[in-house]
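Residue numbers begin at 1 in each chain, while the letters A, B, ... track the order of the sequences.
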Number of protein chains: 2
Amino acid sequence: MRDYKISDIAKMANVSVATVSRMLNNSASVTEKTRRKVLEAIEKANYTPNAVAKNLRSKKTMALAVQVPDIGVSYFADIVKGIENMASSLNYKIFICDLQNQKEKAYEYMSLLLNRTVDGMILVTPDLTDEEIVSYVDQGYKIGVIGRHIDHREIPCVYTDNVKMGKEVVSHLISQGHERIAFLSGFAHAIDSYTRLEGYMKGLRDAGYPFLPELIENGDFNEDKGYEAFKRLIAKNVHFTAVFAANDEMALGVYKACQELNIKIPEEMAVVGVDNTRITNYIAPKMSTVDQPKYAMGALIAEKLIDQINDNIYRDQRVFKVDSTLIIRESSNYKRK
Amino acid sequence: MRDYKISDIAKMANVSVATVSRMLNNSASVTEKTRRKVLEAIEKANYTPNAVAKNLRSKKTMALAVQVPDIGVSYFADIVKGIENMASSLNYKIFICDLQNQKEKAYEYMSLLLNRTVDGMILVTPDLTDEEIVSYVDQGYKIGVIGRHIDHREIPCVYTDNVKMGKEVVSHLISQGHERIAFLSGFAHAIDSYTRLEGYMKGLRDAGYPFLPELIENGDFNEDKGYEAFKRLIAKNVHFTAVFAANDEMALGVYKACQELNIKIPEEMAVVGVDNTRITNYIAPKMSTVDQPKYAMGALIAEKLIDQINDNIYRDQRVFKVDSTLIIRESSNYKRK
DNA sequence: GTGAAAGCGCTAACAT
DNA sequence: ATGTTAGCGCTTTCAC
């Protein structure tokens, strides 16, 4: 393959490489006549500037990486769409790093940031600790996070008010006549899960109900673990009539377990998930869940991270707590007693 | 941020840059003693080689781009996982290009290939024509396709035997007592849709049933268009008792329309989709569909494209026709009459 | 408005 | 086994 470079174009158009570069980047004015000559040469050669050389010289790649636990989960896919669209409108490209639920990959993918393949990284994952993230940022790497809040003036954060969300779910369940509500958490270390649990406890307390530790089970945000956690709950022989799962995937696991055990949703067991994953609106019975403005959250974090990359001194708001919306569908729409 | 480069490390370790490079890339032997000195300097400086400079010099980026119509559709997400894992095991990175169902983006994203941001591109999309793809490849760009077959010795292809698939679906439906089976196609120009239609016609002919053009409607592989297409079918007032949709998304649109029109699936209308999208196994009634070995297909195309990138002369098989499996679930599991 | 030339950080050919 | 150096294709400073 014949590969043209900027000097070939310069020669063909009888101008200097600097002029071609200036024209390509609109970085300085060029007479209309020169412009036409250059354009003609470019056309004739079918020339495309080499982005790698440009990146090296300009020390920018105009690319961001996004880490998600599993791109197959529509919650993450929707966030990524928001990121992609905002980034694209600001002329940034996106590397999607799909961890496929393998934690180790979180570290591997950081190399994209360290080795300058991308200008910044967005973490939609709980894997790296706050300290690790802060340490990278203090070395000058640009990172934005979604779904968690890190208190550092150079880290843009977009997250949901999980405490409020948890309280809202619990009070809805209570209003439906439930007194004993189980909670299925995600990873123990995931802040999302943690704060939803906090909301759950506050909701219980506000209503004057006791917090029963035996009604809490750990999962890992995946369907299988939700399934297992629910089975453990049943095996314990504790009484409960509702489940609040820290995300939809785990709630799906509860559905599966209920089907196997012949437990009727919502008559015998109310189920509420979180994320408003696409599937929740198709499954029978339709699942109650909590919607987050995923697309907007993605767009917001992309915008703010790009701001951060281009400014360094951060101009204004950096932390965004967004509201979620409880969506009551069939799986919890049944008044007990 | 202090950015170390290879010459800094060389100075710190009292060796030449070549030695550092050689050590980093294991491209030639280095004495254990030098190795340790260099390692120590790298550690001390917290040095990571600049991938952009490396890419420029080596004229490789070790990255592939993958175009998909919509990463939120689990069919594509699964293929991408296969690609990602194979690529990653061969030390390649992946750029996911999510078209978000906007055709124009297909062309925009090609710039990643043209400007050398990636070494190759995998198209899981029907948007570019065979001619366009061939033209790129003839210019030396490396492209692999999935879901279609392009007759060119340098283009690896992995695709499903859609004709066989179509016949299988139709004969299943016929065996359930259906005589008038509607077909919902995807884009008119999509080869997948085209060949499935071909299989549908052959299946009909084999059974001695007539092909009725009024039972064919066009969609675009999305739920909305499937919904509309089905409504048009109904509005035509033609008689039919089964629908074969060219993919699950459109079949989902049929579900929605049936619900609105109070048509019972499968008793009054059998529905079969294609792709075995995750949602088909959760929706009520569970949807019959055709499974393709998505993950394996993704892995295969990645492997073959990387082969092609590294060889140029293509060694062996380039075209892979894989088999699909009809999965009969509730939406077509009802014998008529 | 345009050109000459330095240099981004790395690899690899050539020399020792 | 190790060092020297040219050069990958581009942007940008400094002249003019």
Novice: Which pairs count as salt bridge (Lys or Arg N to Asp or Glu O under 4.0 Å) when at least one residue sits in residues 121-139 of chain B, sequence neighbours excluded?
Specialist: B:K103-B:D127, B:D130-B:R148

Novice: Donor-acceptor pair, distance only, cut-off 3.5 Å: does the side chain of B:D98 make one with the backbone of B:I71?
Specialist: yes

Novice: Can you confirm whether or not the ring centre of B:Y4 sits under 6.0 Å from the ring centre of B:Y47?
Specialist: no

Novice: What is the separation between atom NZ on A:K11 and atom P on C:dG3, rounded to the nearest whole Å?
Specialist: 14 Å

Novice: Just jot down the side chain to side chain donor-acceptor pair (under 3.5 Å) partners of B:K37, sequence neighbours excluded, or say none.
Specialist: none

Novice: Using whole Å, what does the distance between atom P of nucleotide C:dT2 and atom CD1 of A:I6 come to?
Specialist: 15 Å

Novice: Consider only side-chain N and O atoms of B:Q100 and A:N85, and report whether a donor and an acceptor are under 3.5 Å apart.
Specialist: yes

Novice: Round to the nearest Å and state the distance from B:L24 atom CG to C:dA12 atom P.
Specialist: 12 Å

Novice: Among residues at least two apart in sequence or on other chains, which ones pass side-chain contact (heavy atoms from CB on, under 4.5 Å) with B:A51?
Specialist: A:N115, A:T117

Novice: Quick one: list whatever passes side chain to side chain donor-acceptor pair (under 3.5 Å) with B:T61, sequence neighbours left out.
Specialist: B:D119

Novice: Write down the distance between CG (B:D3) and C1' (C:dG7), rounded to a whole number of angstrom.
Specialist: 15 Å

Novice: In whole Å, I'd like the distance from the CG atom of B:N25 to the C1' atom of C:dC10.
Specialist: 9 Å

Novice: Is any side-chain N of the basic residue among A:D3 and B:R116 closer than 4.0 Å to the acidic one's carboxylate O?
Specialist: yes

Novice: Which angle, to the nearest 10 degrees, lies between the helix axes at the two ends of the helix from C:dG1-D:dC16 to C:dT16-D:dA1, each defined by five pairs?
Specialist: 30°

Novice: Can you name the nearest heavy-atom pair linking A:G144 to A:L305, along with the distance?
Specialist: N-CD1, 3.7 Å

Novice: For A:R318, is there any backbone N or O sitting under 3.5 Å from a side-chain donor or acceptor partner on A:R153?
Specialist: no

Novice: Heavy atom of residues 29-44 of chain B under 4.0 Å from DNA chain D: which residues?
Specialist: B:S29, B:V30, B:T31, B:T34

Novice: Students often get this wrong, so: under 4.0 angstrom with heavy atoms, is A:S58 touching a base, only sugar-phosphate, or nothing?
Specialist: nothing

Novice: Just jot down the side chain to side chain donor-acceptor pair (under 3.5 Å) partners of B:S16, sequence neighbours excluded, or say none.
Specialist: B:T19

Novice: Under 4.0 Å between a side-chain nitrogen and a carboxylate oxygen: does that hold for A:E84 and B:K105?
Specialist: yes

Novice: Walk me through it: do A:F187 and A:F221 pass the test ring-ring contact (aromatic ring centres under 6.0 Å, His included)?
Specialist: CA-CA 7 Å; A:F187 309 110; A:F221 286 127; 5.4 Å; yes

Novice: Scan nucleotides 13-16 of chain C against the protein and return all N/O pairs shorter than 3.5 Å with their distances rounded to 0.1 Å.
Specialist:
none

Novice: Could you work out, with side chain to side chain donor-acceptor pair (under 3.5 Å) as the rule, every residue matching B:H149, not counting sequence neighbours?
Specialist: none

Novice: By ring-ring contact (aromatic ring centres under 6.0 Å, His included), which residues pair with A:Y109, not counting sequence neighbours?
Specialist: none

Novice: With heavy atoms of chain B within less than 4.0 Å as the criterion, where does contact along DNA chain D begin and end?
Specialist: D:dA1 to D:dG9

Novice: Between A:T19 and B:A28, just flag the one whose closest nucleotide in DNA chain D comes earlier from the 5' side.
Specialist: B:A28

Novice: Which parts of residues 45-53 of chain B get close to DNA chain C, meaning a heavy atom less than 4.0 angstrom away?
Specialist: B:Y47, B:P49, B:N50, B:A53

Novice: In terms of the nearest nucleotide of DNA chain D, which residue is placed more toward the 5' end: B:L56 or A:R57?
Specialist: B:L56

Novice: What is the separation between atom NZ on B:K5 and atom C1' on C:dT11, rounded to the nearest whole Å?
Specialist: 16 Å

